[in-house]
Amino acid sequence: MIKTVGVVGAGTMGNGIAQVFAQAGFHVLVQDVAQPALDRGRATIEKSLAKFVAEGKLDAAARDAALGRLVFATSLDGLAEVDYVVEAAFEDRETKRGLFATLDQLARPGVMLTSNTSSISITTLAAATRRPELVSACTS
Ligand SMILES: NC(=O)c1ccc[n+]([C@@H]2O[C@H](COP(=O)([O-])OP(=O)(O)OC[C@H]3O[C@@H](n4cnc5c(N)ncnc54)[C@H](O)[C@@H]3O)[C@@H](O)[C@H]2O)c1
């Protein structure tokens with residue numbers, strides 16, 4: 001059962017993905033190599049949730065609960081504890097291949113690794129891991 005999600009990359013896509021998971025009740029570890037990206041990601045999510053509250057689409061308790069389910073980190077270590085991983089780092093083949101090899105080392109056996117890539121072959125990313133059958137794309 002998936003309870004905790006790791007989101008790798010806190011840019012435009014990563015922080016949006018993290019927010020959706022947190023609002024849906026999942027605990028989310030947001031990881032990025034750049035602390036400023038994490039700070040921007042958190043601020044963007046806070047602003048978005050505040051807007052939902054102002055518009056009456058979310059109550060303050062739900063906002064606080066969603067924020068409480070988010071953890072931000074530059075370290076990859078916490079990914080050893082997650083049940084599902086979404087990768088949303090730079091659209092660069094070698095960056096993503098390296099990341100998938102690392103994620104494969106860190107994530108528990110059986111954990112699915114997905115990529116938000118818009119152009120890189122998922123087969124190429126899967127080949128960087130020992131669990132190609134558990135690597136998928138999360139964009140159409
Ligand atoms: N922006 C879009 O509209 C859009 C739409 C569909 C798919 N995508 C895809 O989503 C992915 C992310 O796009 P984006 O627009 O959010 O990019 P972005 O440039 O806004 O953010 C990428 C983030 O990845 C981080 N990063 C880079 N290398 C990393 C690493 N090794 N480990 C952890 N974090 C790392 C960067 O610090 C940055 O914060 C890309 O694959 C892109 O093609 C983007």
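Atoms considered below: every heavy atom in the structure, side chains included; atoms not considered: hydrogens, waters and symmetry mates. For ligands, and for the atoms within them, numbers begin at 1 and follow the listed sequence.
Between Lys3 and Asp83, no side-chain nitrogen of the basic residue sits less than 4.0 Å from a carboxylate oxygen of the acidic one, so the salt-bridge criterion is not met.
For Asp32, heavy-atom contacts with ligand 1 shorter than 4.0 Å involve the backbone as well as the side chain.
Taking Ile, Leu, Val, Met, Phe, Trp and Tyr as members and joining any whose side-chain heavy atoms lie under 4.5 Å apart, directly or through other members, Phe90 forms no hydrophobic cluster with any other residue.
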Quiz item: How far apart are the C-alpha atoms of Val8 and Asp32, what are their side-chain angles, what is the distance that settles it, and do they pass the side chain to side chain contact (heavy atoms under 4.5 Å, CB included) test?
Solution: CA-CA 6 Å; Val8 178; Asp32 199 292; over 6 Å; no
Quiz prompt | Leu29 and Val5: CA distance, side-chain angles, deciding distance, side chain to side chain contact (heavy atoms under 4.5 Å, CB included) verdict | solution = CA-CA 6 Å; Leu29 170 66; Val5 177; over 6 Å; no
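Of all protein heavy atoms, the one lying nearest to atom 42 (C) of ligand 1 is Glu91 OE1, 3.6 Å. With hydrogens left out, the protein atom closest to atom 22 (C) of ligand 1 is Phe90 CD2, 3.6 Å, a heavy atom. The protein atom (non-hydrogen) at minimum distance from atom 21 (O) of ligand 1 is Gly11 CA, 3.2 Å. Atom 6 (C) of ligand 1 has Met13 CE, 4.0 Å as its closest protein atom, hydrogens excluded (heavy atom only).
Counting atoms of ligand 1 from 1 in the listed order, those under 4.0 Å from a heavy atom of Gly9 are 24 (O), 34 (N). The Gln31 neighbourhood of ligand 1 comprises atoms 32 (N), 33 (C), with distances under 4.0 Å to a heavy atom of that residue. In the vicinity of Lys96, heavy-atom distances shorter than 4.0 Å reach the ligand 1 atoms 40 (C), 41 (O). Of all atoms in ligand 1, numbered sequentially from 1 with element shown, those under 4.0 Å from a heavy atom of Ala37 are 39 (O). Within ligand 1, counting atoms from 1 as listed, the ones closer than 4.0 Å to a heavy atom of Ser118 are 7 (C), 42 (C), 43 (O).
Here the closest heavy-atom approach between residue Arg130 and residue Gln105 is recorded as NH2-CA, 4.0 Å.
Residues Ser115 and Glu87 have side chains that bring a donor and an acceptor to within less than 3.5 angstrom of each other. For the residue pair Ser48 / Gln19, a side-chain donor-acceptor distance below 3.5 Å is found, with atom types taken as modelled. Side-chain contact, Glu91 with Thr117: a donor N or O sits under 3.5 Å from an acceptor N or O.
Using a 4.0 Å threshold on non-hydrogen atoms, atom 17 (O) of ligand 1 does not count as touching the protein.
Between Cys138, Ala137, Ala89, it is Ala89 that holds the heavy atom closest to atom 11 (C) of ligand 1. Considering only non-hydrogen atoms, atom 34 (N) of ligand 1 lies nearest to Val33 out of Thr12, Val33, Asn15, Leu99.
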